[in-house]
Structure formats: structure tokens, C-alpha cells
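Reviewing the structure listed below.
This is a predicted model, so every value here is computed, not measured. All values below were derived from every heavy atom in this structure, side-chain atoms included, with hydrogens, water molecules and symmetry-related copies excluded. So that the names make sense, note that chain A is the first sequence line, chain B the second, and so on, each numbered from 1.
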Amino acid sequence: MTESVPPSAPPSAPETVSAAVARAERVRGPWADVWAQFRKHKGAMLALITLGVLALVCLAGPLVWRIDPNFIESDTVKMFKMRNQGPSLAHPLGTDQLGRDMLARMMFGGRISLAVGTVAMLVAIFIGTTVGVIAGYFRRLDGLLMRLTDLFLALPLLPLLLVMMFLFRDSIASTLGPRLGTFLLIVLAIGLTSWMQAARVVRGEVLALKEREFVLAARSIGTPSRRIITRHILPNVLSPVLVAATLGIAAAIITESVLSFLGLGFPPDFPTWGRLLYDGIAEIRTYPERVMWPGIAISLTVLSVNYIGDGLRDALDPRIRGR
Amino acid sequence: MLSFTIRRLLAAIPTLLLISLVIFLLVDLAPGSPLSDIPLTVPPEVRQKMLAAMGADQPVMVRYVLWLKQFFWIEPLYGIDALFGTDFAQGAQRIISWQSKVPVFQIIGERLPQTLTVVGTAYLIGVLIALPIGIYSAYRQYSWFDQAGTFFAMAGFSVPTFFTGNILILIFAVNLGWFPTIYDTNLTVTDWASMKAMLLQMALPVTVLALFNAAEISRYTRSSVLENLGQDYVRTARAKGMGEGKVLLKHVLRNSLIPVVTVIALGLPTVFGGAIVTEQIFKINGIGAALIGAINVSDLPTVQTITFIFAVLIVMFNLIADILYGILDPRIRYD
């Protein structure tokens, strides 16, 4: 770790003071401070490890566990024997009602759930930051954009998401294929309905930043607005955006699983954790583990992401840092 | 204050109009027509007449304006008629569900009591759980109680309700048999036995929703109390020898509940949205179930009306939260 170099240690070789200071600063940049504060948050560290393990299993697991998650035994007699098995060495999490391996399906589903969460968050953050920066920086557009944000905040989002899924699922699936089509639709729908918080936070930050001396200085030497935004404004709104992004992943994963639970999410041959849970509920009385595994996976992931967001918020807040 | 309220009410009108337009146009894109359950053997000119009779052959803007008129003018008239036995509406065309061919507001009237009983009770219990937890967590910051409360709140909004709901059903309804698995909408409370049955069937859905709501509100309460505990007036109160209980419950609590009350008001409409999932888990025949049912058969008037009612609730409670804030906090001056 960077902290293992004590900044006050006397340099062993003859070294100028300025070089030592420069080295210390290079070693301990602002991100090292954030990391040092983040590591003090025990819950967040535990969450980071949990999420890391979960993501690793989902991403690298299929390289080791090479069973096709959609493999159904073509021989009917064999297929019937394969159905609804309990945990065994061949299938550590058992098999489902069509004899598909649950471990493989869980790993596959985890990939999609995490991908949906990440991409939907990126969409939401992109829209939110853009709207927030433009509203905060250009006074002429502020009223209009904030009115738009308020309008979106007043929309009943879950019913509208359901309506959007219902409306466009078939048409987009027929043009782009059911997998890519549903993925794009869900990601865009969630992104389009969850950017408002980020926009508000970013706008507030930009409004304050715009009056600061370094922005004034940049403007006085004739820097165009575009460059002021990319060089001076955006790096300074990074921390609230990071926190919003982390919490956004959690919200997107939950929303996707709610859509899947209500039967308006992914098709069954392209499972997410939410879809697996939905499929398991039909037989929850005989095979409760088929609901437990995806449910635990969703809960653990979202809990971890929320804890990481909490830790990040503390770590990125300079008022708390260093206490 | 009054002029602020009036100003906000007036400002809410264009917002609602815009939202209604967005909802109407979006839903109107849906495939499906009011005649989808009419046999194909019906000749096309008859179909055309049926469409014309329902007003579904008009251009979309005409239908939108008609729907607006029905929503804001004709349906309230019917409501007044039903309440006072008058006849203002005089048989004007109401918003008719394509699925069941009865007025949408009649469906909502039938479904709303179930939703309100469960959601209302759950929200009330959620608030009652959340306030003490939040206050004590803040008072004993970083104690084990606070840590446990933080974990409880984190878990509360991280574990999806459809997971907790089904697990609770499995444990308490299927394995232990304490509660029924399905909510019986036809049950009316007449005596103690039916009262007990009602409480039993409400227990699980209310628990799920209450825990979910309590999680968020307890966080807000905690941070609000924490903020107030550091204020000068708390030190003054302690310095003049006031007891801790009085400082906390009288001085700090009153001040810190101001933002919490607005959060509670703001959260109420989203609870209706969240109830869609809970109603699906416990098979409660409420307004959320009506919406899902209508979406699945593309019953557009019902979807449009229920979605718009949700929007009206959100705008209304935003307004209520703002006004409450102004009334409760004398430092806030809107005028």
C-alpha cells in the first residue's frame, strides 16, 4: 500500500527537499486519501470483498464450470431423470424443472444482472450528468431542464416501466432478436427513468463551482465553455457522480428483477437472477432452494453495492475524511 | 402561506397536463384494440360501427381531450352524484374499460379499499417502527444498536420485497401454517372471528411493506436527529440542567421531525407503486393488480387512468410536503 512509505522518513540518499515532497505527493495523491478513508469503513470493505467474489464467480466461473446453462438433455428418458435434482457433485445447486444445471444458470444470470445494473447506471449517469452540467452552467437552459427533471420525478415510474416493457418488447425483439433487444430495452428504460437524482445533485455542484475563482480565471483567459466544462467542472463533480453511480447500480438491479418478477423482463432462455427467482416461485413449496439462491444473490449484491456507496460517500466527503 | 399554496396549486396544473399527455401518448402506442375479444366473423362495417360507438376511431388528440374531460369533469360529477344522490352527470360518457366494459372508476372504487387497508396500515406501522429506531440510533451514534439499525435499514432497502415476501410465505404460511398464503378480498369484518381472519391475512403483506418503508424513514430520522443534537440549543438545554429525556423528546425531536414529516409525505405515493409488487406476491386484488391485469390485456383506458392517478398522487403529495414544511418550520418563508 501507498501508506507503507512514511512521508516523514528521512531520505537515505542525498535528496533535495522539493524532490522528497514531490515524491510524497506522487505516492499519496487524493485517491490514496479516499482509499485510506474507505478502508476504515468496515462494512464497505466487507461489501467490496463480497461483491468482488460474486462478480469473479459470475465472470470467471463459466470458464471452469463448463456446463451450458441452457443445455436440455435431448433424450426424453434421461431428461426426466435429470429434472429437479437436489444438490450433488455433478450439480452443486441441483437442476431445474427441465434438468438444466442451476449453478451454470446462476452464473449466467449473474453476468446479465450485473451487466444490466452497470449499463443502466451508465445510461442514467450519462443523461443525469449531461442535464445537470448544462442546467447548472447555462442559465438560459436551467429553468427548462429543471422543469423537465421535476416532470420526470412526478411520473409514476414503475407503472410506466411496465407499460414501456409491454409496448416495445415484441417489436424490438423482432428487429434485434429477443436477447439483445430485451437487454437494450431494459437498460434504456431503466436509464431513462432514473437519471433525475444525479441531474439534481450535479446541477447543485455546478452552480457552486461556476462561481469559484479557478473557473473565473479560466474564463478570463478566454477558455471556451466546452473546455471549462470538460477540464474544470467535470473533474470536480466526479465524487457526487461516483456515489450516485454506485447507488444507481443497486437500484437498476432491483428494478430489473422487479420487472422480471412481474413477468415483463427477460425471456426464460436468457435468465437473470430476477427471472430465475420468478421461475422458481411456481415450485417454491417443493424446491425452495430455487428461490433462495437467486434471492440471496440479488440481496447480497444490492446490499454490497449500497454499503460500498455508503463508504464512498464518507470517503469522498472531505469534511469527514481525516477524522 | 395561502398565496404560496394557491401559486403551487396553479403551477401543478400545467405539470399534470403535460404528464397526462405523456402517459396518454405512450400508452396509446400499445398494440391491441378494444375489439380484440370480438369474434373475427363480425363483418368489418359492424366492427367500424362498434369502434365509432366507443369513440376509438377518432384521431389521438381528440381522444386525449375527451379523456381529459372525462377524467377531470365527468367522473367527478359522477362521484358527486354517487355521494349526494344528485344527477349532475346526466348519463354522460364515462371512461370505459375495454376489458370489462364497466367504468374504470368503478373498478378503481372496488379495488382501492384493499390497497388502502394494506398499504395504509403498512406505512403507518413502518413509520411507528422507524421513528424510535432512528431517534435512538442517532442518540447512541456508533453504538451496537446504531450499527444494527444501519444494517437493518441497509438490508431493508436492499433485499427485494418479492424475495422477503415469498420467504415469509414459505416459512410462516406453508411450513408453520400461522397465516393464510393468499389475501381473501371477499372477507368482510362482521364479528371477532372475521376480524381475526382479517388481521391474520394482513399480517404478512403488512410486515413486508412496513419493513421496507421503515428502512428508509429510519435513516432520515437518524440523520435529522444527529444534525439537531449538535446544535447550540441542545447544549443550552443541557447546561441549564434539563433531563436528557426532556432534551431529546421535547427539544430535539420536535425540530428533527420537520424534514422527516415531509419525507413521509413524499414517500406515500411511491408506496402505491411498490404495492404493485406486494399485491402480486400475496394475490391481493388491489389497484396494482388491476393495473398489471390491464397491461397484460392492453386495456388502454384502464392503464392510462390508473397510471395518471398515480401521477396525480405524486404531484399532490409533493405539494402537501412543501406546504407542511412551511407550516412546521417557521424559518421557511415562501412569501
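The contact between B/Leu170 and chain A is made entirely by side chain atoms (from C-beta outward), counting heavy-atom distances below 4.5 Å. With a 4.5 Å cut-off on non-hydrogen atoms, A/Met292 touches chain B through its backbone and its side chain both. Residue B/Val159 touches chain A through both its backbone and its side chain, counting heavy-atom pairs closer than 4.5 Å. When heavy atoms are compared at a cutoff of 4.5 Å, B/Val315 approaches chain A solely by way of its side chain, counted from C-beta outward. At a 4.5 Å heavy-atom cutoff, A/Tyr278 makes no contact with chain B through either its backbone or its side chain. B/Phe308 does not touch chain A: none of its heavy atoms, backbone or side chain, sits under 4.5 Å away. Both the backbone and the side chain of B/Ile19 come within contact range of chain A, with heavy atoms under 4.5 Å apart.
In this structure, OG in A/Ser304 is found 10.5 Å from CE in B/Met154, a value given to the nearest 0.5 Å. Note that the CG atom of A/Leu262 and the CD1 atom of B/Ile295 stand 9.0 Å from one another [nearest 0.5 Å]. Rounded to the nearest 0.5 Å, atoms OG1 (B/Thr161) and CD1 (A/Ile254) are 8.0 Å apart. Note that the CG atom of A/Asp310 and the CZ atom of B/Arg219 stand 7.5 Å from one another [nearest 0.5 Å]. Rounding to the nearest 0.5 Å gives a distance of 5.5 Å between CG of B/Leu26 and CZ of A/Phe168.
Residues A/Pro159 and B/Ile276 have side chains in contact (heavy-atom distance under 4.5 Å, counting atoms from C-beta outward). Looking at heavy atoms from C-beta onward, A/Phe261 lies in side-chain contact with B/Asn166 at the 4.5 angstrom threshold. For the pair A/Ile298 and B/Phe163, the minimum side-chain heavy-atom distance is 4.5 Å or more. Between A/Leu155 and B/Phe310, every side-chain heavy-atom pair lies at or beyond the 4.5 Å cut-off.
Around atom CZ of B/Phe212, no more than 12 heavy atoms belonging to other residues, nucleotides or ligands sit under 6.0 Å away. Within 6.0 Å of the CH2 atom in B/Trp67, the count of heavy atoms belonging to other residues, nucleotides or ligands exceeds 12. The environment of CZ in B/Phe24 is crowded: more than 12 heavy-atom neighbours from other residues, nucleotides or ligands sit within 6.0 Å. Atom CD of B/Glu227 is surrounded by 12 or fewer heavy atoms from other residues, nucleotides or ligands within 6.0 Å.
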**Report entry** Criterion side-chain contact (heavy atoms from CB on, under 4.5 Å) on A/Asp150 and B/Thr15, from CA distance to verdict
**Finding:** CA-CA 9 Å; A/Asp150 287 345; B/Thr15 316; over 6 Å; no
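Between chain B and the residues A/Gly263, A/Ala154, A/Gly274, A/Ala250, the most heavy-atom pairs under 4.5 angstrom are made by A/Ala154.
Here the closest heavy-atom approach between residue B/Ser158 and residue A/Leu303 is recorded as OG-CA, 3.4 Å. Considering all non-hydrogen atoms of both residues, B/Ile314 and A/Leu153 come closest at CG2-O, 4.0 Å.
Annotation: residues 184-195 of chain A contacts chain B through no residue [non-hydrogen atoms, separation under 4.5 Å].
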